[in-house]
There are 4 protein chains.
Amino acid sequence: MNETGPGLRADARRNREKLVATARTVIAERGTAFSLDEVARRAGVGVGTVYRRFSDREALVQAVALEDFRRVAACARAAEAEEGTGWDALRRFVGEAGSDLLLAGRLSAWFVAAWDSLRADPENLRLRRSLMEVLDRMVSRAQQEGAVRRDVTGGDVALLLARVLRPLPGLSEGLDDPERHLAVVLDGLRPVPAADPPLPGRPPASGELG
Amino acid sequence: MNETGPGLRADARRNREKLVATARTVIAERGTAFSLDEVARRAGVGVGTVYRRFSDREALVQAVALEDFRRVAACARAAEAEEGTGWDALRRFVGEAGSDLLLAGRLSAWFVAAWDSLRADPENLRLRRSLMEVLDRMVSRAQQEGAVRRDVTGGDVALLLARVLRPLPGLSEGLDDPERHLAVVLDGLRPVPAADPPLPGRPPASGELG
Amino acid sequence: MNETGPGLRADARRNREKLVATARTVIAERGTAFSLDEVARRAGVGVGTVYRRFSDREALVQAVALEDFRRVAACARAAEAEEGTGWDALRRFVGEAGSDLLLAGRLSAWFVAAWDSLRADPENLRLRRSLMEVLDRMVSRAQQEGAVRRDVTGGDVALLLARVLRPLPGLSEGLDDPERHLAVVLDGLRPVPAADPPLPGRPPASGELG
Amino acid sequence: MNETGPGLRADARRNREKLVATARTVIAERGTAFSLDEVARRAGVGVGTVYRRFSDREALVQAVALEDFRRVAACARAAEAEEGTGWDALRRFVGEAGSDLLLAGRLSAWFVAAWDSLRADPENLRLRRSLMEVLDRMVSRAQQEGAVRRDVTGGDVALLLARVLRPLPGLSEGLDDPERHLAVVLDGLRPVPAADPPLPGRPPASGELG
DNA sequence: TATGAATGAGGGTTCATTCAT
DNA sequence: AATGAATGAACCCTCATTCAT
């Protein structure tokens, strides 16, 4: 059900891609309460085609999330490879998540909701693991550079991104500005002046998320 | 449809309260995909009674959100009245939102979804305005105290709370720790060392949220 | 889901009865491939009403089978009580199954298909047990009277009835005459002249069917 | 659509045969609720191929029934030719129907359901006529031998076989033993002691079935 | 006023059938 | 000729909402 390779006929692959893209849009609009019929209609195909490609609703959601994770993971790897410091890499990644990657980021964040079934997919698992490893390395380097407080982990970054990137539905245009609030969070990750108490709770291990 | 006053017969009011409380529980369990039948059953009344009290599904959700907003607003007023500094008040309010107010906070955050229809209800409007005024005052005082960066508003605080408090569904037990991440956000609100760039975007005016 | 008692409102009970009766007809026409929508339409109610009374398709089938089993069991008890010999009771029961009970008999026979789920219903279990006990007694008595061959059991009678009563779909009118073939079977149950070999296979114990 | 002759390319004929054989198996497993996709998949061809060979679902079912009728008819002719008496031929035929021919018998019995459309196919018509003629001859001879009651016809035998051979779905393993009950029926065809009343109803003329 | 029965639109899913490759 | 992708009607079932009791 996750055929993406060249095994698919050209038109079938086009349809599949159209479906995933349409699903992303519809989901962004309607949230999890989207309807497969609507996706099919707006993609210009019959419902049957949706079911030929995706065994069920869940599978379609997974496919969207998978594509998003791919982009996010690629972006993280690029930031790590091309930036000179851990902090710069982290800042670039978070920045891109909030602007260029916004939609992708929102959706993969949103679909953390499907965590259980996502976990089942091998490629998804691999992607999440890889993403967590990159984030952990970025955070560690930035901590050694003295640029990030020592009591956070890559997992914290992932979860904070997920929290902030999800859309706040119902807000009037322009109010839902995740970039702005990501910047606040980024500053919250800086080393703290002595006065403030350390973070409560337990830092999430990357294995728990990846 | 939102009669809460003494105009209601005693048993009718009891039913109404039971329904709102049950709805809160059911919504917390099932998310937005809860069913009115289940609420009615678990409240021990017929569906008809739900409709006598709440014109439709939306109205019930609003009623729950309203009660939550009331608690949140009361908490903010108490923090403002009882704490010596704006920063202490802000910290206390955010802290309570993450612990004591957690459920209420999550729900009201969740129901930001119903923002448009919530706006219609006069009491809700009043509550939100009042909450926003308190938050704005807290932030202003804390900024004058030099405890909070100058480029944020009470609206930023409200939105950041909403973002962080919403549950991250699908996480394994213990991973979804909003208190921890509220602490990061709180630190992000502190005045920043000169190096970091100012927040991007536009500060939300309290009127846009209240 | 099997409320038949007085707990049901009068109109609700009327609807329930109409639904079971309609279902019996539709099933007789279409076989197991009948549609709930058609049952609802022909009963003059909405689909929702079907689902309010019967948790699912299976439950409706069970309800039909249950009513049929009730009639069949009652008929067997009457035959046993009112006929002077085991053979007469057996002959009367089989005869009634083929004429008066025809439809009921066919359906309960047909719905042996749902054996597994039917087994789950306590009343159904009780009815089938009771029916098997009566049949076993009839056969035993008739065997002692020398009227029935000694190598058959009440279970054989039940299975033979089930086989012969099911409709032979597609036959032109008048060709599907189960009464005629029940008479052949009844004669086949008579003690056999010495020459013929005994029945092959193993006699079914009544416990296996009841 | 029923090309079986040499007009078909070798691979096409192989496909056709594979499809009929697979269909028989799948139908035996799933009953009438089988799906063409499953047949195609298990036969190792595309659905399109099914439709190239069989105009629709019905036609495939007919093809299966046809092959079965062929076997049954051949078996009847062999019994008639090789047995010394009409009774022996009849007994052998019925016995083989219950053992060797069991599956074929069940299926053709099952597909009496498709009687109407079967009637349309010329080969099927010819086969059924031929089978009925053989059965009528067997019964007549056996009646002249004094081995079979005078009030039954070949059509009765055909219908009784159809009734008894159809599977009783839902029975636990071993309970559905058609051989045993065919033996009862065979005994029921014997001449009856004077006491019993003659068969009710009207003997089916072979023309009505063939 | 409270109850819960009835309604029917709508969503998920399957599958016979058609058609582009 | 074979393949399997696409289509869409039909079915099961749920649930918000209305209405008779």
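Order of the sequence lines fixes the chain letters, A, B, ..., with proteins taken first and strands second; residue numbering starts at 1 for each chain.
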Presence of B:Arg52 side-chain N/O under 4.0 Å of E:dA2 phosphate oxygens OP1/OP2: yes
Sugar-phosphate only, base, or nothing, as touched by D:Val47 at under 4.0 Å among non-hydrogen atoms: base
Nearest listed nucleotide, side chain of B:Ala12, among F:dA5, E:dA2, E:dA5: E:dA2
B:Arg14 CZ - E:dT1 P separation (whole Å): 15 Å
Salt-bridge criterion met for D:Arg24 and D:Glu29 (N-O under 4.0 Å): no
Short side-chain N/O contact to F:dT17 OP1/OP2 from B:Tyr51, under 4.0 Å: yes
Between P of E:dT3 and CG of B:Asp11, the distance in whole Å: 9 Å
Phosphate contact (F:dA2 OP1 or OP2) by D:Arg53 side-chain N/O below 4.0 Å: yes
Rounded distance in Å - CZ (B:Phe54) to P (F:dC15): 20 Å
Protein-nucleotide distance (D:Glu38, atom CD; E:dT14, atom C1'), rounded to Å: 13 Å
Residue mapping more 5' on DNA chain E - nearest nucleotide basis, D:Asp37 or C:Gly48: C:Gly48
OP1 or OP2 of F:dC11 under 4.0 Å from side-chain N/O of C:Arg57: no
Separation of atom CZ in B:Arg16 from atom P in E:dT1, rounded to whole Å: 15 Å
First of D:Val45 and A:Gly44 reached from the 5' end of DNA chain F, by closest nucleotide: D:Val45
Presence of salt bridge, A:Glu67 and A:Arg71, under 4.0 angstrom: no
C:Thr22 side chain reached by C:Glu38 side chain, heavy atoms, under 4.5 Å: no
Of A:Leu36 and B:Thr49, the one whose closest DNA chain E nucleotide lies more 5': B:Thr49
Cation over ring face, D:Arg57 and D:Phe34, 6.0 Å, 45°: yes
Atom-pair distance (CG on D:Leu60; C1' on E:dT17), nearest Å: 14 Å
Integer-rounded Å distance: E:dA6 C1' and C:Arg13 CZ: 17 Å
Salt bridge present between C:Arg53 and C:Glu17 (N-O < 4.0 angstrom): no
Short side-chain N/O contact from D:Asn15 to OP1 or OP2 of F:dA1, under 4.0 Å: no
Watson-Crick or G-U counterpart of E:dA20, or none if no pair lies under 3.5 Å: F:dT3
N/O (side chain, C:Ser35) to phosphate O (OP1/OP2, F:dC12) under 4.0 Å: yes
Distance, rounded to the nearest Å, where B:Asp56 contributes CG and F:dT18 contributes P: 9 Å
